[in-house]
Amino acid sequence: MTALPPPSAKKLGLVIDLDTCVGCHACVTACKGWNDQGYGAPLSDQNAYGSEPYGTFLNRVHSYEVQPDTGPAQVINFPRSCLHCENAPCVTVCPTGASYKRAEDGIVLVNEDACIGCGLCAWACPYGARELDAQAGVMKKCTLCVDRIYNENLPEEDRQPACVRTCPTNARHFGDLGDPDSAVSKLVAERGGYDLMPEMDTRPVNKYLPSRSKGPAAEIDVLAPLLDVKTTGFAGWLDRMLEKF
Amino acid sequence: MGLQQPKLDTSPKVSDEVRRTTCYMCACRCGINVHMKSGRVSYIEGNRDHPVNKGVLCAKGASGIMQVTAPSRLRAPLKRVGPRGSGAFEEISWDEALDLAVSWLKPLRETAPEKLAFFTGRDQSQSFTSYWAQGFGTPNYAAHGGFCSVNMAAGGIYTMGGAFWEFGQPDWDRAKLFILFGVAEDHDSNPIKIGIGKLKKRGARVIGVNPIRTGYNGVADDWYGITPGTDGLLILSLVHELLKAGKIDLDYLARFTNAPCLVDPAEGPGKGLLLRDGDGKLLVVDRKTGKPMAVDAKGVQPDLGATWKGARTVFQHLAERYLSDEYAPETVAERTGIPADRIRGLAAEIARAAFDAPVILDREWTDFRGDKHAQMIGRPVAFLAMRGISAHSNGFQTCRSLHLLQILIGSVETPGGFRFKPPYPKPVEAHPTPHCECAPGKPLAGPHLGFVQGPHHLALKPDGNPARIDKAFSWENPLSSHGLMHMVIPNAHAGDPYRIDTLFLYMANMSWNSSMNTGAVMEMLTDKDEGGEYKIPRIIYSDAYASEMVAYADLILPDTTYLERHDCISLLDRPICEAEAAADAIRWPVLEPDRPGHAGVRGFQSVLVDLANRLGLPGFVDEEGRAKYRDYADYMINHERRPGVGPLMGWRGNGDQTGRGAPNPDQLDRYIENGGFCIEHVPDDAQFFKPWNAAYQEWAVSLGFYDKPQPYLFTLWSEPVQRFRLAAEGHGDRQPPDHLRARLKEVMDPLPFWYEPFGESAGADYPVHALTQRPMAMYHSWGSQNAWLRQIHGVNPLYVPTKIWHGHGFEDGDWARVTSPTGEITVPVAHMAALNDNTIWTWNAIGKRKGAWALDPEAPEATKGFLLNHLIHELLPQKGGGLRWSNSDPVTGQAAWFDLRVRIEKADPPGEAQPAFPPIPSPVPPAKRNRP
Amino acid sequence: MHPAPSVILFTVLSGAGFGLLAFLALGAAPVYGLQAFLLWGLGYALAVGGLLASTFHLGNPQRALRAFTQWRTSWLSREGWASMAALLLLAPVALAAIFGGGLPPVFGGIGAVFCLLTVVATSMIYTQLRTVPRWNFWTTPALFMTFALTGGAILSGQVVPAAILCIVLALLLVAAFRLGDRRFADAGADIGSATGLGAVGAVRVLAPPHTGPNYLMKEMIHVVGRKHSARLRQIAIVLSAVVPGLIFLFVPPFPVVLGVAAVIHIAGAMVARWLFFAEAEHVVGLYYGRR
Ligand SMILES: Nc1nc2c(c(=O)[nH]1)N[C@H]1C(S)=C(S)[C@@H](COP(=O)(O)OP(=O)(O)OC[C@H]3O[C@@H](n4cnc5c(=O)[nH]c(N)nc54)[C@H](O)[C@@H]3O)O[C@H]1N2
Ligand SMILES: Nc1nc2c(c(=O)[nH]1)N[C@H]1C(S)=C(S)[C@@H](COP(=O)(O)OP(=O)(O)OC[C@H]3O[C@@H](n4cnc5c(=O)[nH]c(N)nc54)[C@H](O)[C@@H]3O)O[C@H]1N2
Ligand code: SF4
Ligand code: SF4
Ligand code: SF4
Ligand code: SF4
Ligand code: SF4
Ligand SMILES: [Mo]
């Protein structure tokens with residue numbers, strides 16, 4: 001199924017709020033925990049207690065420093081996982097058909113039984129969203145928790161990705177970006193959600209909400225003193241103060 | 001066409017069973033759902049019903065599974081067989097271990113109980129461990145609060161009957177302006193994050209005051225990159241501006257604080273104390289009648305501006321002080337590193353949020369005077385602060401300054417402001433006072449720790465010397481409510497104030513990251529006297545893992561992991577309540593502790609119960625010496641502190657009583673059925689103005705927090721503090737030693753003020769501030785054994801601000817030598833722009849000793865990771881007379897971690913971070929050395 | 001990109017192998033006998049050996065056959081088909097060459113086309129990747145093709161074509177290095193667009209998401225050895241093109257000489273291929289502040 005399916009009406013994905021993400025990495029380990037025992041092979045760790053631990057993660061959080069023209073530098077935390085691109089190059093390069101985009105909801109998955117571990121799809125992905133598991137030899141990537149979001153063994157409210165469920169600041173949102181009336185689509189519209197590396201023409205489904213502008217509050221007038229304490233003295237201030245009472 | 005889209009099972013079975021208990025990857029204590037497959041933990045997620053985390057988990061909590069499978073888990077009791085510190089142990093049976101412990105402890109109890117010092121670190125069962133120590137009869141007990149954040153706790157309790165973190169929280173749902181002072185992560189890890197998420201969602205404004213702009217400060221809408229140690233100045237300058245503009249809540253001050261109380265002006269032993277009537281009630285002048293009246297009289301309208309018989313109100317004193325030019329923005333700008341117009345802007349933001357758009361709830365309530373209020377009016381400015389202001393030697397007064405600020409604008413306990421969590425608020429007077437008189441074979445008369453109200457409560461021996469090994473509650477740090485754990489080893493080693501025999505530690509990595517001057521501490525632990533005996537003769541330690549501290553103990557009592565034992569998160573000590581509910585919780589063994597082929601591990605509290613029974617400790621055995629409790633679970637159910645009040649509030653009596661009631665044998669089952677916790681909501685009309693709200697007070701009594709209503713006033717003017725100043729001035733029969741008089745006179749100011757942190761005395765040779773921060777995805781030293789977390793934080797660079805970076809010509813990959821008056825480290829550096837110009841920092845406790853934690857000795861944590869602790873001394877530089885001055889806040893004894901001053905220079909990469917210590921052999925099989 | 005030895009070996013050897021087979025198919029070999037056997041054998045050995053080497057870097061080589069399924073979209077799949085077709089189509093031609101017997105030249109012609117298609121397909125695996133701008137350029141198929149032909153010409157002892165191809169190769173390498181250096185910037189991705197934070201200001205990495213290495217960094221952010229790249233570029237050009245070219249121009253084509261020229265050329269090609277990977281910068285490096 002290496003050919004991309006016709007664009008689906010339903011486009012499931014994540015919306016990540018960079019104004020709110022504190023960079024706590026909760027989504028990183030929640031994702032690892034869920035996917036270590038769920039879809040496909042476990043996410044292995046090599047040399048786990050050794051000198052150079054090296055493991056598979058489907059979601060990682062960077063920290064960047066941004067220097068605006070005025071004002072101090074800002075620190076912005078930046079979670080990065082598969083964006084479930086509409087024009088997913090990782091799918092079309094796959095020689096085995098293991099990598100595919102689901103026709104019904106647009107989730108990009110790897111059929112691990114068919115994957116030969118050639119790594120081409122990871123090469124094709126601009127976002128570093130795929131990691132070849134060193135133990136299983138198959139390509140791992142964010143599944144959008146496909147084994148949670150439709151899972152009838154889970155209570156309705158838990159049918160959302162593990163990373164979204166755990167995010168303490170609520171910086172991660174999950175929903176149908178194909179439906180302009182969905183909560184996530186509205187959020188994207190309201191906050192100016194954007195695509196990563198649009199020049200790669202991958203048309204990501206996931207969107208990032210920009211950090212709000214920072215700095216001193218707009219139009220704050222400094223406080224006018226009640227009266228000039230220096231000239232009236234403390235007693236004058238006290239009188240004036242208590243008058244208000 | 002190739003393959004078809006495969007058919008997926010989108011509804012796989014998640015697990016065989018879910019067991020709900022409480023997380024302990026940190027002290028936040030979130031509820032967790034532990035999924036089990038074939039008898040093993042398969043996945044851990046947050047419990048949605050839990051009051052603390054409401055379903056979310058942090059990075060640590062979500063990787064708890066790696067904590068339970070870590071190779072570093074201890075497996076059997078260990079007896080030291082080689083020299084101390086060599087790491088040579090033999091495994092022994094539990095019977096041997098307990099017999100050995102009893103053979104050491106019993107004679108001490110019978111002859112000199114103070115020769116046992118029992119200190120617990122990240123202990124969440126302090127009401128239990130202290131009860132044990134009380135039964136033993138030693139005055140030497142405390143947990144780690146003294147080196148952690150006692151300034152925050154004491155500053156809050158002495159000012160308003162509670163503080164941040166466990167004591168209270170911002171009104172996340174209503175605050176419009178949120179200002180965060182010196183917080184990287186805090187204990188209330190998930191609630192703060194949930195709260196920030198709520199603020200962000202509502203578009204409320206978040207401001208961070210912190211030399212470093214990461215994490216919460218990164219998402220803050222505005223950032224004040226303050227110079228460390230100067231927050232008090234900034235805060236009091238805000239107070240100055242607000243007072244000048246009249247932007248304070250006079251009604252609130254008059255009704256709910258001691259601002260209208262009258263300060264005795266008469267020279268003598270009562271000077272600076274508040275005037276009282278014949279019944280001992282505080283006096284105020286009533287505005288209607290102009291007459292002095294008891295402050296709690298019904299209908300009284302306290303006059304803030306009154307003068308009576310020469311006595312002026314607290315309000316006048318404070319206004320006069322803070323209106324002075326000393327606190328003008330221009331005066332403090334340079335020192336704080338915050339320009340004057342930025343200070344003014346912040347004051348204006350506070351005033352606007354507090355007074356232009358108050359939050360008004362239509363909820364009727366009645367205050368303690370019997371006066372009815374139709375509405376609850378709130379000032380939606382909420383503050384939160386933690387160790388950034390408390391871990392300085394001026395932290396107590398800085399914390400008080402912050403509380404003064406929030407009280408002046410009338411936001412504490414009002415909608416949109418800061419709210420207490422039950423069982424707080426609780427005034428100083430409702431807390432115990434410290435007990436220290438000990439006698440052979442006798443229990444202590446009361447708890448070790450408490451809140452002193454004057455010199456008469458100090459823990460001194462008849463000769464005036466400190467009664468406690470850590471010198472808590474002595475003239476050196478009179479209000480040291482949590483003890484001074486960081487001074488225990490140095491004092492025991494120096495025999496100052498006396499020698500001890502056995503040091504019993506629990507859950508504290510004292511030979512590594514929780515000590516100052518770590519290298520020297522390791523020497524103290526292994527140092528011998530002329531007779532060839534260890535200066536600290538015996539050390540018993542309980543840890544669950546192969547930490548750095550293990551090598552320095554003579555006997556190890558291995559604990560279980562958090563999923564393998566009973567624990568009790570009790571209203572008697574550090575509860576998990578929310579502002580709108582009281583709540584407590586348990587842990588229970590969702591897994592059996594199995595360490596095949598070894599003697600196994602036991603829950604430490606149950607071991608303490610066992611030891612208590614063997615030692616026949618009062619409280620644990622009945623008159624005939626028979627054990628009252630089988631183990632900790634039994635204690636949790638059946639122990640009663642006061643009749644009907646026990647460790648757990650839920651399902652008491654027949655299972656239908658909350659708070660008070662007879663022990664219920666089924667109690668733990670009820671907790672387990674309910675997800676491991678119990679919650680009891682505060683009635684709507686009792687949710688705000690708690691210290692003065694009659695409905696709240698009644699509710700608190702019904703739950704057993706106290707036995708009768710205890711309304712009180714916020715103490716802007718602190719009499720307990722003033723009593724120490726009076727003593728320093730020569731009043732009273734308990735007198736400080738002369739060398740401490742001047743310092744006490746200065747710092748024991750009944751009104752908050754700012755003084756230069758002691759660390760500044762390092763001088764011009766050490767121009768740079770050096771700090772640490774908690775990484776959100778790592779818990780102190782114990783996260784590194786977690787295979788997932790250590791991939792995130794395996795090394796900790798030293799972050800250097802742009803000015804120093806360029807000034808010293810640093811480049812990526814460089815190393816630096818950092819020198820303080822205490823020592824020198826050589827470590828890797830990294831550049832950071834969003835940082836105070838004069839501050840360097842690193843993540844706390846990533847550096848590991850080679851060989852510890854069952855990690856490969858070449859682990860990056862041990863070769864590149866480092867501790868800043870080597871640069872921090874537990875003592876201040878000598879000031880003559882051979883006196884040892886601890887590096888602590890002079891009021892509370894809080895360790896002044898963040899006073900550190902250093903000098904930095906570029907260094908040749910030494911191959912590994914310096915100082916490097918020789919590896920310690922691991923007490924458990926270490927990781928295979930499989931380097932790629 | 002990580003210069004995996006198996007991939008370098010595969011692309012260089014199979015490229016030269018298919019080049020040689022193409023020349024042989026077009027009649028560059030002696031009509032029959034041992035010499036034909038050796039040459040065809042060498043061609044098959046290089047081509048098949050290269051293909052086998054390519055499976056070394058697979059996570060699950062036992063499933064390698066699945067790689068044939070996606071010829072509609074995947075260049076790797078197409079490469080598989082083209083190579084199989086070439087090898088199968090040329091088998092009778094080879095047998096005929098070795099054992100004698102006439103097959104119409106069109107058989108060899110079709111086989112040669114498939115050999116070259118294989119090389120094209122191989123090169124397109126790299127060329128198609130927008131994520132690696134240096135590869136995503138006409139120079140990639142041109143280089144692969146020229147290497148294959150040069151290698152083929154040298155191995156089959158075609159003096160004049162070899163000399164000409166060496167000159168072309170040298171020029172092409174110079175062009176590819178020069179033009180390649182600008183490709184990343186021209187592609188337009190930078191840390192600002194990768195994070196979308198460029199709108200706020202200048203972006204730099206404060207902390208990576210993990211302090212240890214990971215698959216992405218090992219595979220796609222290879223910076224080791226790049227500092228030698230100027231020297232290696234010269235070596236690549238000299239060994240793969242200049243020296244063999246000079247040999248063909250000035251030394252009589254004794255078999256030993258041809259052998260030496262071939263070995264030198266292949267060594268140079270390996271260096272060039274190492275550079276092809278090591279110098280290729282994947283846009284994912286932007287997230288790590290490295291390329
Ligand atoms: N430079 C610098 N140093 C600091 C600080 C700083 O800001 N800067 N902060 C200080 C502060 S506030 C604190 S609180 C301390 C913290 O320092 P510590 O209290 O030493 O904290 P940990 O390193 O977590 O060590 C606790 C020990 O408990 C053990 N443990 C974990 N789980 C269990 C269990 O279930 N049972 C038992 N029995 N043991 C267990 C761990 O293995 C570990 O050895 O560090 C202090 N040190
Ligand atoms: N993930 C995680 N959570 C933890 C812990 C952990 O190890 N890991 N430890 C727990 C413990 S024991 C504690 S005590 C708490 C501590 O929680 P925090 O109080 O958040 O402690 P620190 O991480 O030490 O952060 C101190 C902050 O104060 C800032 N700071 C330092 N000096 C000053 C100053 O003078 N002024 C101002 N305004 N800011 C200053 C520092 O930059 C830093 O951001 O965290 C608890 N929670
Ligand atoms: S869990 Fe949420 S806040 Fe934490 S790093 Fe992930 S997205 Fe950011
Ligand atoms: S983010 Fe990468 S892996 Fe995910 S769909 Fe897009 S290209 Fe493919
Ligand atoms: S690694 Fe697996 S999924 Fe990716 S391209 Fe190769 S076969 Fe397809
Ligand atoms: S959606 Fe699921 S698989 Fe994807 S990042 Fe989140 S937790 Fe991981
Ligand atoms: S904050 Fe994290 S580690 Fe701490 S108790 Fe909660 S989930 Fe566990
Ligand atoms: Mo702490």
Side-chain angles (χ1 to χ4, degrees), chain A residues 1-2 19-20 22-26 28-30 32-34 37 45 47-53 55 65 67 72-75 77 97 100 102-103 111 114 146-147 150-154 165-170 214-217 220-226 229 234 237-238 241-242 244-245, chain B residues 2-3 5-6 10-14 42-44 46 56-59 62-63 65 71 190 193-194 196-197 200 213-216 218-219 221-223 241 244-247 250 304-305 320 323 344-345 347-349 351 776-777 787-788 790-792 833-834 854-856 858-859 927 930-932:
Chain A
M1 269 292 292
T2 298
D19 192 56
T20 305
V22 294
C24 69
H25 296 269
V28 175
T29 59
K32 175 111 173 170
W34 176 258
Q37 52 94 53
D45 297 301
N47 211 356
Y49 304 97
S51 58
E52 209 177 63
E65 219 171 29
Q67 179 62 63
Q74 299 172 11
V75 170
N77 303 297
Y100 66 103
R102 277 159 57 96
N111 171 6
V146 66
D147 51 349
Y150 299 112
N151 196 327
E152 280 155 20
N153 295 316
L154 287 173
R165 187 189 188 285
T166 211
C167 174
T169 61
N170 200 18
K214 297 191 188 301
I220 276 277
D221 302 326
V222 287
L223 294 174
L226 271 182
V229 185
F234 175 65
W237 175 86
L238 192 64
M241 185 76 219
L242 297 178
K244 306 195 340 167
F245 190 27
Chain B
L3 301 181
Q5 176 173 319
T10 54
S11 288
K13 189 173 157 209
V14 174
S42 62
Y43 178 60
I44 298 178
V56 309
L57 285 186
C58 78
S63 55
I65 190 168
N190 281 328
K193 293 186 183 72
I194 296 171
I196 289 179
K200 287 279 176 183
R213 192 180 203 179
T214 53
Y216 305 155
V219 299
D221 298 295
D222 199 1
W223 173 59
E241 285 294 292
K244 220 164 88 181
K247 295 290 188 185
L250 295 170
L304 289 169
E320 200 166 38
L323 280 168
R344 291 216 170 79
E349 274 201 68
M776 290 178 182
W788 298 349
R790 71 185 290 260
Q791 294 184 53
I792 298 173
L855 298 179
D856 186 320
E858 294 301 315
N930 55 337
R931 249 151 269 145

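Please read these numbers as outputs of a predicted model, since none were measured by experiment. Reminder, nothing fancy here: chain letters follow the sequence lines and each chain counts from 1.
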Flag the pair B:Lys244 / A:Met241 as yes when at least one side-chain heavy-atom distance between them is below 4.5 Å, and no otherwise.
no

Looking at B:Ala859, B:Gly305, B:Gly246, which has the largest count of heavy-atom pairs under 4.5 Å with chain A?
B:Gly246

Considering residues at least two apart in sequence or located in another chain, which fulfil the side chain to side chain donor-acceptor pair (under 3.5 Å) criterion with A:Thr20?
A:Asp17

Would you mind checking which part of A:Gln74 comes under 4.5 Å of any heavy atom in chain B, side chain (CB onward), backbone (N, CA, C, O), both or neither?
both

Do A:Cys24 and B:Lys193 have side chains that get closer than 4.5 Å, going by heavy atoms?
yes

Region of B:Leu323 in contact with chain A, defined by heavy-atom distances below 4.5 Å
side chain

Tell me which of these, B:Leu304, B:Ile44, B:Ile792, has more heavy-atom pairs under 4.5 Å with chain A than the rest.
B:Ile792

Below 4.5 Å, heavy-atom pairs only: which of A:Asp19, A:Asp147, A:Asn77 has the largest tally toward chain B?
A:Asp19

Closest approach of A:Glu152 to B:Ser11 (non-hydrogen atoms, all atoms of both residues)
N-OG, 2.8 Å

Contacts of B:Gln791 meeting side chain to side chain contact (heavy atoms under 4.5 Å, CB included) (sequence neighbours excluded), chain-then-number -> A:Asp45, A:Pro53, A:Phe57

Flag, side chain of A:Glu65 to backbone of B:Ala834, donor-acceptor distance under 3.5 Å
yes

When A:Leu223, A:Leu154, A:Val146 are compared by non-hydrogen pairs under 4.5 Å with chain B, the top option:
A:Leu223

Choice from B:Arg344, B:Lys200, B:Lys13, B:Glu241 maximising heavy atom contacts with chain A below 4.5 Å
B:Lys200

Contacting moiety of B:Ile194, where chain A heavy atoms sit under 4.5 Å
both

Side-chain donor/acceptor of A:Arg165 to backbone N/O of A:Ala30, under 3.5 Å:
no

Pairwise side-chain contact, A:Asn151 with B:Pro12, heavy-atom cut-off 4.5 Å (strictly under):
yes

Looking only at atom types and distance, does a side-chain atom of A:Asn111 sit under 3.5 Å from a main-chain N or O of A:Tyr100, one as donor and one as acceptor?
no

Measure B:Ala833 against the heavy atoms of chain A and call it side chain, backbone, both or neither at under 4.5 Å.
both

What option among A:Thr29, A:Val28, A:Leu238 has the most heavy-atom pairs under 4.5 Å with chain B?
A:Thr29

Largest heavy-atom contact set with chain B, pairs under 4.5 Å, which of A:Pro216, A:Ala224, A:Cys167
A:Pro216

Does any heavy atom of chain A fall under 4.5 Å from the side chain of B:Trp223, the backbone, both, or neither of them?
side chain

Donor-acceptor contact present, side-chain B:Gln5 to main-chain A:Ala103, <3.5 Å:
yes

Using a cut-off of under 4.5 Å on heavy-atom pairs, state which of A:Pro168, A:Gly33, A:Pro225 scores highest against chain B.
A:Pro168

Heavy-atom distance under 4.5 Å to chain B: side chain of A:Trp34, backbone, both or neither?
both

Count the heavy-atom pairs under 4.5 Å between each of B:Leu57, B:Ile65, B:Val14, B:Leu855 and chain A, then report the option with the highest count.
B:Leu57

Which answer fits A:Phe234, side chain, backbone, both or neither, if we ask what part of it has an atom under 4.5 Å from a heavy atom of chain B?
side chain

pair B:Arg213-A:Pro72: side-chain heavy atoms closer than 4.5 Å
yes

So which of A:Val75, A:Asn170, A:Thr166 has the largest heavy-atom pair count under 4.5 angstrom toward chain B?
A:Thr166

